[in-house]
Every structure is written in C-alpha cells, then in structure tokens.
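Everything on this sheet refers to the single structure shown next.
As the structure lists them, so they are numbered: ligands from 1, and atoms in each ligand from 1. Atoms considered below: every heavy atom in the structure, side chains included; atoms not considered: hydrogens, waters and symmetry mates.
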Amino acid sequence: MALFVMKFGGSSVGDTERMKRVAKRIIEKKEQGHQCVVVVSAMGDTTDDLIDKSRLLNDNPPAREMDMLLTTGEQISVALLSMAIHSFGHQAKSFTGWQAGFRTDDTHSKARIADIDPFRVMDALATGNIVIVAGFQGMSESGEITTLGRGGSDTTAVALAAAIQADVCEIYTDVDGIYSTDPRIVRCARKLQEISYDEMLELAHLGAAVLHPRAVEYAKHNNVCLVVRSSFNHNEGTYVKEEAVMEQGVVVSGIAYDKNVARISILGVADLPGILAKVFGSLAEAEIDVDIIVQSGVLNGEADFSFTTALHDRDRAIHVLEQLKSELPYREVTSETDLVKISIVGAGMVSHPGVAAKMFEVISALGISIKMVSTSEIKVSCVIANQQLHDVVKALHTAYGLDTVEQVFVGGPQDRR
Ligand code: ADP
Ligand code: ASP
Ligand code: MG
C-alpha cells in the first residue's frame, strides 16, 4: 500500500462529466489498496471568470477581497468531487486549505506557505476516507484567507505530499507529461521520460504552465517524487527528479515562452552613481518584480535603460518612476506590451559554445528583431514581438534537433491558449 497525492487541474474537472471521470480514477487507485489524498483546482475557467466579474465592479479590487473571492472556486470543486465519490459508494471528506492546515504569510495573491499541520488530513485518511483538499489557498497567522498565485494548486499538492510524506505526488493534467515545449504549439514536441528539478524549475519560471515554479522548488527541497500525467488516459507520465537521464547529445532540453511581459524604458537619465540602485530599490519597495534589465551606452552624460515586469505590474511600475522624477531627472518613460519572452533551457549548454548564437540566427532568419536578451548557465531568453511566437518556437524546436515523429497527446479543447 502506498500513499498518493493526486492533483487534478481545472481542465480535468472542467464539467460534471469530467468530475465523474476523475472520481472513478481516484476510486480505481483506492481499490488497488492505496491511500489517496486529492488536491483539486477550480473547475475550468472559474478563476478567470471570477476575476472578470470582479473587474465589472472595481477595476482595482482590494487584494484581500480578491483572495476571498477566488478561493471559492476551489471550494466548489472539493465539495462536488467528494459528492461524486460518495455517489459511487466510497467514503470521501473535503477540506479547505486552512482546514487541511495550510498556514501562509500574509501576502495576498502570492502568499508563501509558512507551515502545514495536516492532522485533519491524517485523521480522515486513518478512518478510511479519500481526502480532498482545495488547492491554491491557505490562511495567514492573523486569520486572513490567502492564495498562492495563479497555478498554485500544484504547490498545494507538492507541499502536502512533503508534509504527509506521501510516496508519490501525481499531477494530472490535460497533456500526458512534460514535453520539450508546449505540445499545443508544436505538434512534433518530444515527451520527456524524466527531467531534472533544476531544468524543470527553469522552464516553469520561464513560463511553462505545466508546473507552478514553487511546486518544483518544494519538490526539489523535500525530494518529493513528482510525476506529471494525463487525467484523460493511462499513458506513462514524466518524472521530475534530482538526476534525470539525458539523451546523448541533447544540449537544449526545453523551450518555454511567457506572454506576461511588459517592457518599460527610462530615457535620458543622468549617468550618475546610484541611479540604478534608486530606481530598482523603489520598484522593489513597491513589491514589483523586475526581470531583464538592459542599459544602453551613455551619450552626453545621459543613459537609457529598459527592464521587464509582469503585465499587471506595468502601470504601478510607471507610477513609481513618475514619483521619482523630481529626485531623478529623466527625459521620458515609455512602455511596450504585446511581447513574448522565449527561452531555451538545457543543463548541457554550459559545455557547448554557440548555443545562444544559434538562437539569434534562427530568430533573425525569420526577419524578427530581438528586443532584449538575458542568459544564465542553463538558459537563454529573448524578448520579441508576440505576433510570431508560434513560428519562432517551431523553428527553434527544429534547429535544436528536438522534433520527433511521435504524436503529442493533448486533451480538452485544442485552442485553450
Ligand atoms: P491544469 O489546469 O491541469 O493545471 P495547466 O494549463 O496549468 O493545466 O498546464 C497544462 C498546460 O501546460 C498544457 O495544456 C500545455 O499547453 C501547457 N504547457 C506549456 N509548456 C508545456 C510543456 N513543456 N510540456 C507540457 N505542457 C506544457
Ligand atoms: N484556480 C487557480 C488558477 O486558476 C489555481 C490553479 O488552478 O492551480 O490559477
Ligand atoms: Mg496548472
């Protein structure tokens, strides 16, 4: 008998028919003699729909109220899934995140888990229940309801798996594993049998939606056996582990993209010591995450620089810069959206020169200009205009020898994004 954490994402529980199928899948595992703790997301597009609804009433809703609203999505799922399991004659008990013992800090909309006291989960398991926990939510020390960031149910699942020392944490989704790139864009993407925590962490941070970055961090630090598989079939999934066996000669193992990018430029800033510290210190104080920073050459004692932030932080970032104008003279602040950051990732890159150069060649051969570049030991990212995203990802996939003839498996609507 093994202890499984099984996490089902929004698309896997998108309607009541799918909910029934998920219930049967869980029962199948239980009938094999295993213990099951299930984590569920909100049904289908519920979270997006709730966000849209809130904007009809307030275009800048208080973060506390937003968390109060969004956590309802997962609560609907856990109750309905439990009812479905009962209808098939099995015992199940649903819990909110706080009932399951998730304590977080008090940063609304991107709270971090402080600790987990899962005694109610363990008690319910001990009395023979299938336990169902709402993903993405917790409660702060002061009793406020919090959420873990979009896609955060993966993190609930992995953190819970670590806390209850589960044997395996299975992430069930609408594709049957982790691919060399998003299989919705590249139909000849390659399914990976395994991938290292570090490479997956990089891909997740760079936009591969298949796993939430914090979930991978948690899995790495707690050595959780993590597997991504499909809720639509029984295909072998992809294992995320410390040392993944790499195919011979593979330099780039994955390609990710992130459309959640805004570029902000500050033009004509006096080239004085401490300027960058002032700008980025003020942005950090406002809790705005900055990603790529590029400073161009100095002309007549003035410099230009650009940086990227998440789209939803663009207006706040511009506001922070405008507040600085009196102490930090500059000519103009501009911003640009409709961008995408495309990244190639591979542990093998360190020992292979020319990997970045090939990326630039492929992009320029498509007649596309690169607006920003950033590199680390195992990745290269380029920011470009969004329009040709698909062409670039496909061309890079081919150029790095990742194309395969096997068919990808994609469940649910084909045009999800
Ligand atoms: P869930 O609702 O189950 O949490 P998500 O939409 O968050 O599902 O994640 C699954 C999606 O991630 C897939 O449908 C796929 O389009 C996308 N994806 C992006 N990059 C990858 C990749 N490298 N491998 C597999 N899926 C990926
Ligand atoms: N329902 C939340 C979201 O859509 C959390 C999740 O699905 O993981 O972001
Ligand atoms: Mg997800």
Polar side chain donor-acceptor pair, Thr147 to Gln137, under 3.5 angstrom: no
Heavy atom of Pro183, distance to ligand 1 below 4.0 Å: yes
Part of Arg150 with heavy atoms under 4.0 Å of ligand 1, whether side chain, backbone, both or neither: neither
Ligand 2 contacted by Gly73 (non-hydrogen, < 4.0 Å): no
Please table the atom pairs, donor to acceptor, closer than 3.5 Å between any side-chain atom in residues 21-31 and protein atoms at least two apart or in another chain.
from, atom 1, to, atom 2, distance (Å)
Arg25, NH1, Ser230, O, 3.3
Arg25, NH1, Asn233, O, 3.0
Arg25, NH2, Asn233, O, 3.2
Glu28, OE2, His234, NE2, 2.9
Lys29, NZ, Glu170, OE1, 3.0
Lys29, NZ, Glu170, OE2, 3.2
Lys30, NZ, Gly128, O, 3.1
Glu31, OE2, His90, NE2, 3.2

Contact partition for Leu203 relative to ligand 1, non-hydrogen atoms under 4.0 Å: neither
Residue pair Val340 / Asp258, side-chain heavy-atom distance below 4.5 Å: no
Nitrogen or oxygen of Thr47 less than 3.5 angstrom from that of ligand 2: yes
SB check Asp154 Lys7 (cutoff 4.0 Å): yes
Thr398 and Asp403: side chain donor to acceptor below 3.5 Å: yes
N or O contact, Ser12 vs ligand 1, cut-off under 3.5 Å: no
Salt bridge flag under 4.0 Å for residues Lys20 and Glu17: yes
Lys/Arg N to Asp/Glu carboxylate O, Asp123 vs Arg120, below 4.0 Å: no
N or O pair under 3.5 Å between Ser180 and ligand 1: no
Side-chain heavy-atom pair Ile178, Val240 within 4.5 angstrom cut-off: yes
Within-shell test, Ala189 vs ligand 1, heavy atom, strictly < 4.0 Å: no
Within reach of ligand 2, part of Ser41 (heavy-atom separation under 4.0 Å): side chain
Atom indices of ligand 1, in the order listed, that fall short of 4.0 Å to a heavy atom of Ala209: 7 (O), 9 (O), 12 (O), 19 (C)
Ligand 1 contact by Gly254, heavy-atom criterion under 4.0 angstrom: no
Ion pair Lys191/Asp176, N-O distance below 4.0 Å: yes
N or O pair under 3.5 Å between Gly10 and ligand 1: yes
Trace of the salt bridge (charged side-chain N to carboxylate O under 4.0 Å, His left out) decision for Glu217 with Lys220: CA-CA 5 Å; Glu217 259 169 46; Lys220 178 176 160 71; over 6 Å; no
Subset of ligand 2 atoms that lie under 4.0 Å from at least one heavy atom of Glu74: 1 (N), 2 (C), 5 (C)
Ligand 1 atoms in contact with Thr181 (distance to a heavy atom under 4.0 Å): 22 (C), 23 (N)
Numbering as shown, the atoms of ligand 1 that approach Tyr179 to under 4.0 Å (heavy-atom distance): 22 (C), 23 (N), 24 (N), 25 (C)
Lys/Arg-Asp/Glu bridge criterion (N-O < 4.0 Å) met for Arg103, Asp117: no
Per-atom contacts, ligand 2 versus Arg150 - under 4.0 Å to a heavy atom: 3 (C), 4 (O), 9 (O)
Residue pair Ser374 / Lys341, side-chain donor-acceptor N/O under 3.5 Å: no
Gly151 heavy atom under 4.0 Å from ligand 2: yes
List the atom pairs, donor and acceptor, that lie under 3.5 Å between side-chain atoms in residues 200-213 and the rest of the protein, sequence neighbours left out.
from, atom 1, to, atom 2, distance (Å)
His212, ND1, Thr155, OG1, 2.6
His212, NE2, Arg150, O, 3.3

Ligand-side contact atoms (ligand 1) for residue partner Lys7, heavy atom cut-off under 4.0 Å: 4 (O)
Proximal candidate to atom 15 (C) of ligand 1 [heavy atom criterion; set Asp182, Thr238, Ile185, Val210]: Asp182
For atom 6 (C) of ligand 2, the protein heavy atom that lies nearest, with its residue and separation: Ser153 OG, 3.4 Å
For Ile178, the ligand 1 atoms whose distance to one of its heavy atoms is below 4.0 Å: 24 (N)
